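It should be emphasised that the depicted structure is a prediction, and the values quoted were computed from it without experimental measurement.
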Amino acid sequence: MALKHVERAKGCWANALEDERVFVLLARDATVPFVVLFWCLLRIVCFKNRSSDPQITEAVDCAFRMMRERKLVRRVIQARKLPVATHAREMNEALRELRATVERQA
């Protein structure tokens with residue numbers, strides 16, 4: 001777990017108390033989209049949210065984006081581990097693909 005330490009933030013991150021614990025999930029973890037979707041389901045079942053609430057629709061959208069982008073994110077991570085000679089080429093190619101994917105979804 002981490003403590004909140006980012007000054008410019010939005011949403012729940014901005015609403016966290018100064019010393020409140022937060023838990024960050026990274027898209028490179030194959031289980032994360034399912035954790036997010038399960039969290040949405042629990043919020044709905046426990047009557048904390050409705051399925052149409054912006055908090056839920058944003059989380060569901062995020063989970064599906066994570067599923068689509070995971071392969072590209074992993075390529076960027078792998079490119080960081082390559083020898084310096086091929087590093088820049090692989091990293092730039094993976095980042096271009098990631099940007100293109102994000103732009104198509106916007």
To the nearest 0.5 Å, atom OG1 of T31 lies from atom CZ of F38 at 13.0 Å
For D61, the salt bridge (Lys or Arg N to Asp or Glu O under 4.0 Å) test, sequence neighbours excluded, returns R65
All heavy atoms of A59 vs all of C40, minimum pair found to be CB-SG, 3.5 Å
Take I56 and W39 through the side chain to side chain contact (heavy atoms under 4.5 Å, CB included) test and state the conclusion after the steps.
-> CA-CA 9 Å; I56 298 300; W39 174 84; 4.1 Å; yes
Scanning both residues in full, the closest heavy-atom pair of R70 with R28 reads NE-O, 3.2 Å
State, yes or no, whether a side-chain contact exists between L26 and V32 at a heavy-atom distance under 4.5 Å. no
Correct closest heavy-atom pair for M66 and A27 would be CG-CB, 3.7 Å
> If you draw a 6.0 Å radius around CD in E58, do more than 12 non-hydrogen atoms from other residues or ligands fall strictly inside?
Replying inline: no
- If we only count heavy atoms from C-beta on, is the M67 to L37 side-chain gap below 4.5 Å? yes
Please examine the side chains of R50 and I44, heavy atoms only from C-beta on, and report whether any two atoms are closer than 4.5 Å. no
For T57 and S51 the tightest heavy-atom approach is CG2-O, 3.5 Å
Tightest non-hydrogen contact, residues V22 and A16, listed as CG1-CB, 4.3 Å
